[in-house]
K.L.:
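Sharing a structure below in structure tokens format, with a few things to ask.
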Amino acid sequence: MILPSFMVIPLAAAFLITLLARRDGIGAALISLVATAATLGLSVYALVGFGGSTVVYSMGGWKIPIGIPLVADSFTVFMLMMVNLIALASLAYSWGYLRWLGSDWKYYALFMTLLTGMNGVLITGDLFNLFVFMEIALLAGFALVAYGGQAHEFEASFKYAVMGGLSSSLILIAIAVVYSSTSTLTLAKIAEAYPALGPGLKIWVGVLLLAGFSLKAAVMPFHAWLPDAHSSAPAPISAMLSGVLIKTLGVYVLIRLFYNVFGAPTIFLQVFLVLGALSILLGVFLAVGQWDLKRLLAYHSISQIGYILIGMGLGTTLGMAGAIFHAFNHALFKSLLFFNAGAVEMGLGTRDLRKMGNITRLMPMTAHSSMVASLSISGIPPFNGFFSKLIIIIAAIQARQPVFGFLAVIGSLLTLASFMKVQRYGFRSEKPAEAAERKIGWSMNLAMAVLAVLCVLMSLLVVPGIKEGILDPVVSAVMNKTGYAELVLGR
Amino acid sequence: MTLYLLCYALFLVGLYGLITKRDIVKIILASGIMGYAVNLMIVLFGYKRQAIYPILEKGKPVASMVDPLPQALVLTSIVIELGTTALLVALAVRLFRKYRTYDITKIRRLRG
């Protein structure tokens with residue numbers, strides 16, 4: 001079976017790196033590239049080979065009420081592909097970027113641990129196991145945010161770690177309450193026992209889990225740590241955190257718990273809608289005023305998570321399709337934008353939009369790919385961001401929630417305004433030309449080019465023939481709601 | 001019931017410290033207290049009055065044992081907390097070297 005290898009391969013790579021790698025880190029980079037390519041290959045194989053069916057693997061041969069099952073349905077496999085794709089691009093980017101930052105095997109070992117945690121969260125079918133993998137990913141994340149060793153990086157990492165500890169406590173209380181009331185921790189068994197619980201207990205568990213995982217997803221009232229942590233981390237790590245970590249630990253878990261385990265209770269869907277609208281507007285308002293490029297991008301992450309929450313909160317098939325599609329698109333263009341920001345920081349030595357100049361000539365790949373990503377995130381037609389936002393807005397109108405559709409449109413216009421600012425002052429500014437301080441490596445250009453091409457190609461996912469093949473099984477796996485439990489338990 | 005309320009009070013003590021204290025070391029201690037409260041609560045959920053330790057022996061009825069699973073969960077969560085606390089302390093040491101203070105209100109280079 002290939003399901004355990006999603007955790008085993010990166011974890012083994014992390015240990016191999018600590019054992020074998022020398023100080024310069026080239027061997028470490030090679031080991032981690034091979035491991036991530038292997039997990040990406042496996043996830044693509046799973047996407048094609050499983051054909052939308054739910055595959056269950058019992059760890060150690062222990063059957064479900066006792067052991068920990070690994071569950072891969074099409075939603076899991078789709079997210080696995082997204083995570084490993086971005087991880088591979090980030091590693092390729094790191095190859096060049098770390099020359100400047102100081103290459104070290106510790107970075108790659110931590111990166112592999114981060115990947116282990118995220119793959120584990122996606123593939124596990126057990127609530128406590130999910131918590132453990134989440135902590136693995138978070139611990140690696142805290143260390144990676146502080147990797148550069150500058151004062152503000154330690155500050156951001158400390159804030160992130162304290163907030164992470166708080167949210168983990170909330171989640172742990174929720175897990176304890178769930179266990180004491182249902183006597184099981186397997187997600188599928190919880191889904192079976194959940195309807196029999198009292199209404200007060202349902203609200204308790206729901207609120208605790210919502211608060212805990214919203215902190216991980218940096219939804220608006222819980223967002224305070226994100227702009228610091230994501231703007232202080234090294235660029236490839238910002239891309240991983242903003243692109244996929246907040247989606248695996250936040251959005252994926254929220255969808256899995258509230259749809260597949262709790263059966264999409266209306267009261268929490270309403271909360272998703274309100275939190276989503278709040279995140280879209282406040283996130284984008286805070287972003288418009290920023291002059292620090294990476295901080296601006298970090299605030300946009302909050303705003304884009306809001307779109308995903310609105311799609312989730314509508315509770316319709318179309319809304320969920322929009323949410324999942326937007327999650328994938330956001331992973332692509334936000335990672336690309338963070339790569340661009342890192343390239344500019346490395347080339348010109350600044351992150352301040354007012355100090356950038358002449359990027360089109362000095363770093364053509366950065367300038368062009370940033371244009372693609374900016375158009376994608378602002379929702380301009382041929383690019384992927386347009387289609388996912390359009391789906392979410394149409395779904396909002398169809399679900400008789402036109403207010404939220406309207407708020408999404410306003411958020412999109414403000415996003416466009418702030419990225420016009422980024423292009424006008426930053427990437428396309430006409431400042432007098434100086435030579436770049438450093439040349440950016442070919443691997444960084446390659447990573448940016450691949451993501452830019454994918455940004456355009458992924459808009460094909462809405463084309464009828466391809467949509468049925470890839471996106472629809474994912475959405476039906478989620479909208480099947482507690483049918484998930486029957487598939488896992490094999491009834 | 002009293003025990004649960006005391007647990008909750010301990011959690012609130014931790015949360016209060018986490019929110020109001022200015023000293024980094026105290027914040028770390030507060031997050032530790034919060035973790036202890038949660039761990040204590042999980043063990044309490046597995047507790048039964050007048051029950052015995054959960055080790056299978058001949059002639060010992062299973063029904064009179066406490067639930068062993070919460071104890072296993074707590075062990076895992078204590079180890080995780082140890083890792084988080086160690087990381088926080090390491091960060092506190094590095095922060096002190098950079099800023100020469102433990103006061104969180106003076107460690108404010110990130111704004112906006």
Side-chain angles (χ1 to χ4, degrees), chain A residues 66 127-129 131-136 138-143 145-146 149-166 168-181 183-185 224-225 227-229 231-232 286-287 289-292 295-296 298-299, chain B residues 4 7-8 11 14-15 17-19 21 24 27-28 30-47 67 69-70 72-74 76-77 79-100 102 104 106-112:
Chain A
I66 300 165
L127 193 55
F128 193 76
N129 199 226
F131 172 79
V132 172
F133 277 116
M134 185 182 79
E135 289 294 318
I136 292 174
L138 281 176
L139 275 179
F142 301 152
V145 167
Q150 285 171 341
H152 67 94
E153 292 172 346
F154 291 124
E155 186 187 336
S157 176
F158 187 80
K159 253 185 219 176
Y160 187 14
V162 169
M163 293 300 263
L166 174 62
S168 298
S169 294
L170 293 178
I171 292 165
L172 203 53
I173 296 175
I175 290 173
V177 175
V178 165
Y179 177 71
S180 78
S181 52
S183 311
T184 179
L185 287 169
W225 58 271
D228 295 343
S231 62
S232 300
L286 286 166
Q290 296 296 327
W291 285 103
D292 181 336
R295 215 173 167 77
L296 185 145
Y299 275 114
Chain B
Y4 286 108
C7 247
Y8 183 60
F11 184 80
L15 194 60
L18 198 70
I19 293 168
K21 291 295 164 193
I24 285 184
I27 291 176
I28 295 171
S31 98
I33 291 173
M34 217 165 58
Y36 298 145
V38 178
N39 288 341
L40 204 56
M41 203 185 71
I42 300 178
V43 173
L44 270 180
F45 276 139
Y47 173 76
D67 188 350
L69 191 70
L73 299 186
V74 159
T76 317
S77 112
V79 173
I80 291 171
E81 244 159 55
L82 170 77
T84 318
T85 312
L87 189 81
L88 279 172
V89 172
L91 282 172
V93 171
R94 299 295 293 268
L95 273 171
F96 184 76
R97 276 191 204 149
K98 296 282 180 189
Y99 290 87
R100 308 309 297 175
Y102 281 124
I104 197 82
K106 295 199 178 104
I107 303 178
R108 292 194 69 95
R109 224 166 269 183
L110 293 164
R111 298 169 164 278

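These numbers come from the heavy atoms of this one structure, side chains and all, not from hydrogens, waters or symmetry mates. So you know, we letter chains A, B, ... as the sequences are listed, proteins then strands, and number each from 1.
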K.L.:
Against chain A, label B/I28 side chain, backbone, both or neither, depending on which of its atoms sit under 4.5 Å from a heavy atom there.
P.N.:
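Side chain only.
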K.L.:
Please identify, among A/S169, A/A161, A/G149, A/A156, the residue contributing the most non-hydrogen atom pairs under 4.5 Å to chain B.
P.N.:
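Heavy-atom pairs under 4.5 Å are most numerous for A/S169.
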K.L.:
In terms of heavy-atom pairs under 4.5 Å with chain A, which of B/L73, B/T84, B/I80 leads?
P.N.:
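Highest number of pairs under 4.5 Å: B/L73.
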K.L.:
Taking C-beta and beyond as the side chain, do B/R97 and A/F154 meet within less than 4.5 Å on heavy atoms?
P.N.:
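No, their side chains stay 4.5 Å or more apart.
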K.L.:
Please check this pair: side chain of B/K98 against backbone of A/H152, looking for a donor-acceptor N/O pair closer than 3.5 Å.
P.N.:
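No.
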K.L.:
Taking atom OH of B/Y36 as the centre, report whether more than 12 heavy atoms of other residues, nucleotides or ligands fall under 6.0 Å from it.
P.N.:
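Counting neighbours around OH of B/Y36, 12 or fewer heavy atoms of other residues, nucleotides or ligands fall under 6.0 Å, so no.
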K.L.:
Would you mind checking which part of B/L18 comes under 4.5 Å of any heavy atom in chain A, side chain (CB onward), backbone (N, CA, C, O), both or neither?
P.N.:
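Just its side chain gets close to chain A.
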K.L.:
What distance separates B/L91 CG from A/K159 NZ, expressed to the nearest 0.5 Å?
P.N.:
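One finds 13.5 Å between CG of B/L91 and NZ of A/K159.
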K.L.:
Contact part of A/L166 toward chain B, heavy-atom cut-off under 4.5 Å: side chain, backbone, both or neither?
P.N.:
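Both the backbone and the side chain of A/L166 come within 4.5 Å of chain B.
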K.L.:
Give, for atom CD1 of A/I173 and atom CZ of B/F45, the distance between the pair rounded to the nearest 0.5 Å.
P.N.:
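It is 9.0 Å, given to the nearest 0.5 Å.
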K.L.:
For each of B/L15, B/L69, B/I27, tally heavy-atom pairs with chain A at distances under 4.5 Å, and name the one with the top tally.
P.N.:
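Among B/L15, B/L69, B/I27, the one with the most close pairs to chain A is B/L69.
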K.L.:
Is A/A146 in contact with chain B via its backbone, its side chain, both, or neither, using a 4.5 Å heavy-atom distance?
P.N.:
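For A/A146, side-chain heavy atoms alone lie under 4.5 Å from chain B.
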K.L.:
Non-hydrogen atoms of chain A under 4.5 Å away: do they reach the side chain of B/S31, the backbone, both or neither?
P.N.:
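No part of B/S31 comes within 4.5 Å of chain A.
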K.L.:
To the nearest 0.5 Å, tell me how far A/S180 OG sits from B/M41 CE.
P.N.:
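Rounded to the nearest 0.5 Å, the OG-CE separation comes out at 7.5 Å.
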K.L.:
Which residue out of A/A176, A/A143, A/A151 racks up the most heavy-atom pairs below 4.5 Å with chain B?
P.N.:
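Maximum pair count with chain B is reached by A/A151.
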K.L.:
Which answer fits A/S183, side chain, backbone, both or neither, if we ask what part of it has an atom under 4.5 Å from a heavy atom of chain B?
P.N.:
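Interface part for A/S183: neither.
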K.L.:
Let me know if A/Y179 has heavy atoms under 4.5 Å from chain B in its side chain, its backbone, both or neither.
P.N.:
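Side chain only.
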K.L.:
For atom OH of B/Y8, is the number of surrounding heavy atoms from other residues, nucleotides or ligands below 6.0 Å larger than 12?
P.N.:
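It does not: B/Y8 OH has 12 such atoms or fewer within range.
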K.L.:
How far apart are the C-alpha atoms of A/F158 and B/I107, what are their side-chain angles, what is the distance that settles it, and do they pass the side chain to side chain contact (heavy atoms under 4.5 Å, CB included) test?
P.N.:
CA-CA 11 Å; A/F158 187 80; B/I107 303 178; over 6 Å; no
K.L.:
Roughly how far, to the nearest 0.5 Å, is the CG atom of A/L139 from the CG atom of B/L87?
P.N.:
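It comes to 6.0 Å.
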K.L.:
Between A/I136 and chain B, with a heavy-atom cut-off of 4.5 Å, which part of the residue counts as in contact: side chain, backbone, both or neither?
P.N.:
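No part of it gets close to chain B.
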